[in-house]
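Structure record follows, encoded as structure tokens.
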2 protein chains.
Amino acid sequence: MNVKYIEKLRNSGLRPTKQRLQICDVLFETKKTFHFTIYDLAKKIQKQTNFDISLATIYNTVHAFEKKGYLKQIPINTNQTYFDTNITDHHHFFDLKEEKLIDLDDCDVGPINIKKKINGKKIKSVEVLVKLED
Amino acid sequence: MNVKYIEKLRNSGLRPTKQRLQICDVLFETKKTFHFTIYDLAKKIQKQTNFDISLATIYNTVHAFEKKGYLKQIPINTNQTYFDTNITDHHHFFDLKEEKLIDLDDCDVGPINIKKKINGKKIKSVEVLVKLED
DNA sequence: ACACTTTTTTAGAATCATTATAAACTAAAA
DNA sequence: TTTTAGTTTATAATGATTCTAAAAAAGTGT
Ligand SMILES: [Mn+2]
Ligand SMILES: [Mn+2]
Ligand SMILES: [Zn+2]
Ligand SMILES: [Zn+2]
């Protein structure tokens with residue numbers, strides 16, 4: 001069960017520690033992908049686990065995973081940073097009342113063609129954020 | 001010169017104080033619209049003015065103007081909040097290296113048609129963020 | 001198993017953008 | 001002018017995030 005994460009971590013040059021494997025389990029061992037803040041994740045880990053992981057380690061691990069491309073950061077203006085376990089190119093609804101992110105499939109949004117070019121720069125990502133109100 | 005801002009503020013239920021008029025001057029008395037952080041704005045005010053405005057007032061005023069729709073907040077993940085004096089519907093490049101926002105005209109991005117609907121919610125805004133790298 | 005190196009974890013402190021407080025001030029209303 | 005409500009400001013508080021440095025764990029070679 002853990003073997004795949006041990007491999008994944010090793011292949012990324014990250015040592016498969018108890019903490020990282022636990023975090024992998026919480027993040028990736030689910031049917032559905034999800035959006036979370038560091039605080040959300042810390043709570044989820046506490047619920048699913050006996051041993052606590054320090055907040056510093058959670059921050060470190062999430063950033064390491066983001067750098068490796070196993071997590072994405074969602075650009076949104078809130079006091080906390082949102083992450084996404086869905087690393088495919090996709091867009092989001094943001095429910096302003098509930099402060100919840102909802103995935104939009106690519107087919108929910110037409111293809112986006114950016115006509116403007118900036119000299120010497122290339123496009124890294126194109127993300128649509130649709131804010132929802134009641 | 002200030003008369004139009006005095007009117008604008010009065011019509012918004014905001015008293016036209018010396019500070020607010022000064023901030024209006026810095027924000028809206030320019031040919032081109034621009035993007036800024038609170039820190040940027042504070043520096044700009046210092047340069048253009050003799051009397052200093054307290055940081056608290058700058059925060060209060062920017063938020064008041066945002067609430068009235070005279071400024072927009074740009075959804076982006078940085079340690080500071082970005083605002084925009086261009087309140088028309090438009091999208092952005094974000095130059096990751098320079099940490100600078102660049103406007104995209106509506107014609108630079110095709111029309112975006114969100115097909116998915118969420119029960120009881122309506123779309124407030126649709127914003128595209130295009131990240132640029134070298 | 002053991003010695004040695006490198007990476008990781010962690011508690012706690014530091015940072016820093018933003019927000020709250022509450023007293024002094026100012027604009028508008030009566 | 002007096003009163004009222006709104007505004008400014010210095011200062012403190014908040015809170016998410018990052019930093020620090022020491023202890024622990026993992027990997028490597030023998
Ligand atoms: Mn990050
Ligand atoms: Mn705001
Ligand atoms: Zn998502
Ligand atoms: Zn803009």
Side-chain angles (χ1 to χ4, degrees), chain A residues 2-3 5-26 35-46 49-68 70-71 73-83 99, chain B residues 2-3 5-26 35-46 49-68 70-71 73-83 99:
Chain A
N2 268 350
V3 175
Y5 296 121
I6 291 176
E7 281 311 300
K8 183 174 179 165
L9 289 166
R10 283 237 172 77
N11 293 337
S12 312
L14 299 169
R15 291 182 181 175
T17 63
K18 202 169 46 165
Q19 289 84 351
R20 283 174 178 161
L21 289 170
Q22 191 58 247
I23 293 172
C24 280
D25 194 58
V26 172
H35 307 106
F36 65 93
T37 64
I38 297 288
Y39 177 76
D40 293 336
L41 182 58
K43 275 197 305 183
K44 212 166 182 187
I45 289 167
Q46 275 192 323
T49 316
N50 290 322
F51 75 99
D52 278 353
I53 300 175
S54 81
L55 202 54
T57 297
I58 298 174
Y59 272 100
N60 289 342
T61 303
V62 165
H63 285 131
F65 287 2
E66 188 207 0
K67 196 165 288 179
K68 294 295 175 184
Y70 306 146
L71 290 173
Q73 215 179 321
I74 311 285
I76 196 173
N77 282 124
T78 53
N79 54 328
Q80 289 172 94
T81 305
Y82 277 81
F83 294 91
E99 294 204 319
Chain B
N2 270 347
V3 175
Y5 296 121
I6 292 175
E7 280 311 299
K8 184 174 177 163
L9 288 167
R10 283 237 174 77
N11 293 337
S12 313
L14 298 169
R15 290 183 181 175
T17 63
K18 201 168 46 165
Q19 290 84 351
R20 282 173 178 161
L21 290 170
Q22 191 58 248
I23 293 171
C24 280
D25 195 57
V26 173
H35 307 107
F36 66 94
T37 64
I38 296 289
Y39 177 75
D40 293 337
L41 182 57
K43 275 196 306 184
K44 212 167 183 188
I45 289 167
Q46 275 191 323
T49 315
N50 290 321
F51 75 99
D52 278 353
I53 301 176
S54 80
L55 203 53
T57 296
I58 298 175
Y59 272 100
N60 288 342
T61 303
V62 166
H63 285 131
F65 286 2
E66 188 207 0
K67 197 166 286 178
K68 294 295 175 184
Y70 305 146
L71 290 173
Q73 216 180 320
I74 312 284
I76 198 173
N77 280 124
T78 54
N79 53 330
Q80 289 173 92
T81 305
Y82 278 80
F83 294 92
E99 294 205 316

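Below, chain A is the first sequence line, B the second, and so on; all start at residue 1.
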Heavy atoms within less than 4.0 Å of DNA chain C: which residues of residues 52-59 of chain A have one? Give them sorted by number. A:Asp52, A:Ile53, A:Ser54, A:Ala56, A:Thr57
Can you tell me if B:Thr81 touches the phosphate of C:dA17, counting only side-chain N or O atoms and a distance under 4.0 Å to OP1 or OP2? no
Which residue pairs pass the side-chain hydrogen bond (donor to acceptor under 3.5 Å, both in side chains) test with at least one member in residues 13-22 of chain B, sequence neighbours excluded? B:Gln22-B:Thr49
List in chain and number order the residues that pass side chain to side chain donor-acceptor pair (under 3.5 Å) with B:Tyr82, two or more places apart in sequence or in another chain; answer none if no residue qualifies. none
For B:Asp25, check side chain to side chain donor-acceptor pair (under 3.5 Å) against everything at least two apart and list the hits. none
Separation of B:Phe51 atom CZ from D:dA10 atom P, in whole Å? 13 Å
Using a strict heavy-atom distance below 4.0 Å, which residues from residues 14-21 of chain B are in contact with DNA chain D? B:Leu14, B:Arg15, B:Thr17, B:Gln19, B:Arg20
For C:dT18, does either OP1 or OP2 sit under 4.0 Å from a side-chain N or O belonging to B:His63? no
Taking side chain to side chain donor-acceptor pair (under 3.5 Å) as the test, write out the residues that go with B:Thr81, two or more places apart. none
Starting at atom CG of A:Asn79, determine the distance to atom P of D:dT18, rounded to an integer number of angstrom. 14 Å
So, does B:Lys68 use its side chain to make a donor-acceptor pair with the main chain of B:Ser12 at under 3.5 Å? yes
For the residue pair A:Asp40 / A:Thr37, report whether a side-chain donor-acceptor contact shorter than 3.5 Å exists. yes
Flag side-chain contact, heavy atom, 4.5 Å: A:Thr61 against A:Tyr70: no
